[in-house]
Amino acid sequence: MKATSVCLPLFATLALSVAVARAEAGQLPRGVAPSKAQLYTSDDSGRWKCLDGSKTIPFSAVNDDYCDCKDGSDEPGTSACGTGYFHCTNVGHIGSDIKSSRVNDGVCDPECCDGSDEYDGQIYCPNICEEVGAKAKEEQKRVRVIQEQGSRLRKQYIEHGKSVKSKMQEEIAQLKGKTEQLLKDTNDARDKLNEASEEVEKYYEGTKKERAAARWTQLAPLIKEQTRRLKFALYTKKKLFKTLKQLKDNYNKNYHDLAVKSAVAGFDDYLETLDKDTDADPPAASVEEGTADDTEISADDQFDKVTQDTNIVLREIGSLFELLAGMAEDYNIEYNDEAVLAAVTVTKDVERNWDQIGLEFKDDTELVVPEEESDETPEEKALKEASDKAQSDLNDAMAEEERVKDRIEDLTRKLETDLGSDETFAQLLDQCFDYKDIEYTYSVCLFGDANQRSQTTTFLGKFSTWVGDNYDTQLYSGGTKCWNGPDRSVKLVMSCGTENKILSVSEPEKCEYLFKLQTPAVCPILPDDDIEKEAAAPEKKGNTKNHDEL
Ligand code: MAN
């Protein structure tokens with residue numbers, strides 16, 4: 001039915017009583033939507049029943065500015081009831097209902113672009129429906145274009161989702177079929193490596209003596225030199241020991257020479273530690289150089305042993321010499337104690353000798369053990385190569401097993417993920433998006449993690465669930481705990497758009513973030529027919545059935 005009875009703004013001089021005119025026969029009462037016309041007809045005796053059935057009144061009482069019905073249905077065109085609804089026809093745009101209390105309230109309601117809600121002359125509300133309608137149509141067109149493109153993309157996502165899912169299922173079945181063989185391959189490779197290692201071992205065991213002898217030949221000069229140094233050190237130590245012993249036995253106790261007494265006391269202490277610490281004196285056997293025939297000890301061990309023994313003796317020389325040198329510095333020459341004088345002479349001798357020969361104990365003349373000469377035999381080379389190959393085969397087999405295991409895990413996770421109706425979200429699975437604001441860069445990998453980055457990265461949560469039934473809102477939870485607040489979490493709300501993009505990020509509550517993502521994945525699915533017709537519309541305007549609906 002056409003809306004012919006709607007009043008446009010009346011002249012300001014018109015009185016309210018006139019404005020609240022009773023419906024003429026065949027005319028719709030003011031404020032009644034054309035779709036409700038059937039409800040506003042009088043019976044044969046000119047009476048009308050409130051829509052809630054609460055009362056029957058004369059039809060002429062409809063819109064008489066007096067509220068008769070409980071539901072306010074008798075006053076759709078006045079504010080007498082306030083509880084009913086006034087319909088603005090809004091020709092040129094879309095009709096709308098407003099609360100009847102807003103009729104003639106002196107405010108041009110934006111819902112009534114035709115100004116029909118203000119007809120008592122208090123205020124003039126121009127009809128701007130053409131303009132508003134044109135704008136709304138423009139906006140509708142813009143949205144429609146996005147939805148059409150989005151719909152096409154979403155259909156592609158769905159196709160992709162279906163094929164990806166079945167491919168994943170095939171792959172997982174194929175990989176699972178392979179795992180037993182891979183395990184066997186790894187075990188075989190491990191057995192082969194063990195065999196090859198045993199062969200190498202055996203070879204080394206068999207050539208052990210030969211190699212030990214070669215090493216003895218190689219290190220012999222070094223061991224010889226180290227042994228010579230040890231002998232010299234032992235000789236010096238003995239000399240110092242003997243000197244102190246003679247001093248202790250023969251010095252004249254009547255002189256009370258403190259320097260001498262201190263040296264003797266120090267020697268007594270030394271003797272005491274010697275009793276307790278048997279290791280302090282190197283065993284005589286160490287002085288032997290050893291030979292290649294010596295199967296008990298390797299050349300390297302022999303060299304280490306002689307070197308360690310030398311170091312022990314050097315430390316002792318240090319202690320003994322210190323006692324004598326201290327005394328030689330401070331003793332009382334006046335006493336002319338023969339034992340003391342003899343000890344001082346030996347001390348000076350050792351000092352002189354040490355300055356010349358002892359130089360070789362300095363760090364820069366340290367003996368350095370060379371690497372073992374490897375005259376690799378062809379057999380050894382072949383065995384080593386076989387062992388290396390077996391090791392690398394085992395590594396490859398293990399890596400392949402691991403790769404297949406990881407892939408199965410990844411595929412299982414993806415297959416178990418709720419990718420929305422028609423698997424739409426398979427396209428976005430693990431796709432990541434960033435959004436930069438002044439302070440932070442936010443990121444989310446769909447069905448994965450959300451983060452907040454500045455100097456450091458703060459974990460905002462992991463995908464936990466869809467919210468509601470529309471597949472347009474996701475929750476990421478279990479993020480880093482907020483100081484004095486909850487664990488961080490993200491609500492990701494999606495809207496239709498032609499590209500995947502985060503539009504905004506906010507933090508409505510402390511540590512509770514709101515990401516707005518635009519994506520074709522939530523665009524409405526339009527029938528292909530509609531889209532084709534839309535695309536063809538400019539050329540075939542006349543033939544396009546739905547065009548006016550845009
Ligand atoms: C960091 C950021 C903010 C958050 C505060 C809470 O600064 O994660 O987003 O509001 O911590 O202390």
Side-chain angles (χ1 to χ4, degrees), residues 139 142-143 145-147 149-151 153-154 156-158 160-161 164-165 168 402 405-524:
E139 178 58 13
R142 194 188 66 79
V143 169
V145 167
I146 290 170
Q147 288 184 343
Q149 272 187 43
S151 173
L153 288 167
R154 182 167 175 188
Q156 288 170 16
Y157 284 15
I158 293 171
H160 171 80
V164 154
K165 203 152 185 181
M168 287 197 292
E402 197 59 26
K405 207 175 112 218
D406 289 352
R407 181 72 183 145
I408 290 176
E409 264 172 29
D410 187 45
L411 288 170
T412 309
R413 176 184 70 87
K414 286 178 174 164
L415 282 169
E416 282 170 0
T417 304
D418 181 355
L419 296 171
S421 48
D422 302 322
E423 317 300 338
T424 304
F425 285 89
Q427 181 88 28
L428 300 179
L429 186 63
D430 293 338
Q431 269 205 45
C432 303
F433 305 101
D434 276 0
Y435 181 83
K436 227 173 141 94
D437 74 5
I438 302 165
E439 215 177 339
Y440 302 107
T441 297
Y442 292 90
S443 70
V444 62
C445 296
L446 287 205
F447 303 96
D449 294 349
N451 284 298
Q452 179 193 53
R453 291 196 304 272
S454 51
Q455 311 289 68
T456 54
T457 298
T458 306
F459 178 50
L460 299 187
K462 193 176 186 57
F463 172 73
S464 63
T465 185
W466 286 99
V467 178
D469 302 325
N470 297 332
Y471 287 113
D472 60 4
T473 306
Q474 294 185 329
L475 186 69
Y476 291 73
S477 59
T480 309
K481 188 169 165 39
C482 187
W483 187 77
N484 255 354
D487 288 350
R488 285 176 173 76
S489 63
V490 172
K491 192 168 169 189
L492 180 89
V493 177
M494 294 176 242
S495 60
C496 169
T498 52
E499 55 173 329
N500 292 299
K501 190 173 156 189
I502 298 180
L503 297 176
S504 69
V505 171
S506 57
E507 195 179 338
E509 296 287 337
K510 201 170 181 195
C511 295
E512 291 177 11
Y513 303 84
L514 175 67
F515 285 26
K516 288 192 175 166
L517 178 83
Q518 173 192 279
T519 173
V522 297
C523 288

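Counting starts at 1 for both ligands and their atoms, in listed order.
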Of all the non-hydrogen atoms in the protein, which one sits nearest to [atom], and at what distance?
atom                    : answer
atom 12 (O) of ligand 1 : K510 CE, 3.8 Å
atom 7 (O) of ligand 1  : Y440 OH, 3.2 Å
atom 3 (C) of ligand 1  : Y513 OH, 3.6 Å
atom 10 (O) of ligand 1 : E507 OE2, 2.6 Å

Quiz prompt | CA sep, side-chain torsions, deciding dist, call: F425, M494, side-chain contact (heavy atoms from CB on, under 4.5 Å) | solution = CA-CA 12 Å; F425 285 89; M494 294 176 242; 3.5 Å; yes
Quiz item: Taking atom NZ of K414 as the centre, does the number of heavy atoms from other residues, nucleotides or ligands within less than 6.0 Å exceed 12?
Solution: yes
Quiz prompt | Heavy atoms of other groups near K481 NZ, more than 12 under 6.0 Å | solution = yes
Practice problem: Provide the number and element of each atom of ligand 1 under 4.0 Å from a heavy atom of C482. | Solution: 6 (C)
Quiz prompt | Sidechain N-carboxylate O distance under 4.0 Å for D434, R453 | solution = yes
Quiz item: Of L460, T458, D487, N451, which meets side-chain contact (heavy atoms from CB on, under 4.5 Å) against T480?
Solution: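 Running side-chain contact (heavy atoms from CB on, under 4.5 Å) over L460, T458, D487, N451 with T480 returns exactly one hit, T458.
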Quiz item: Could an N or O of ligand 1 be found under 3.5 Å from any N or O of Q452, whether backbone or side chain?
Solution: yes
Quiz item: Evaluating non-hydrogen atoms only, which member of E512, E509, R488, E439 is closest to atom 11 (O) of ligand 1?
Solution: R488
Quiz item: Using 30° and 60° as the class limits, which term best fits the ring planes of Y513 and Y442: parallel, tilted or perpendicular?
Solution: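 Correct class here is tilted.
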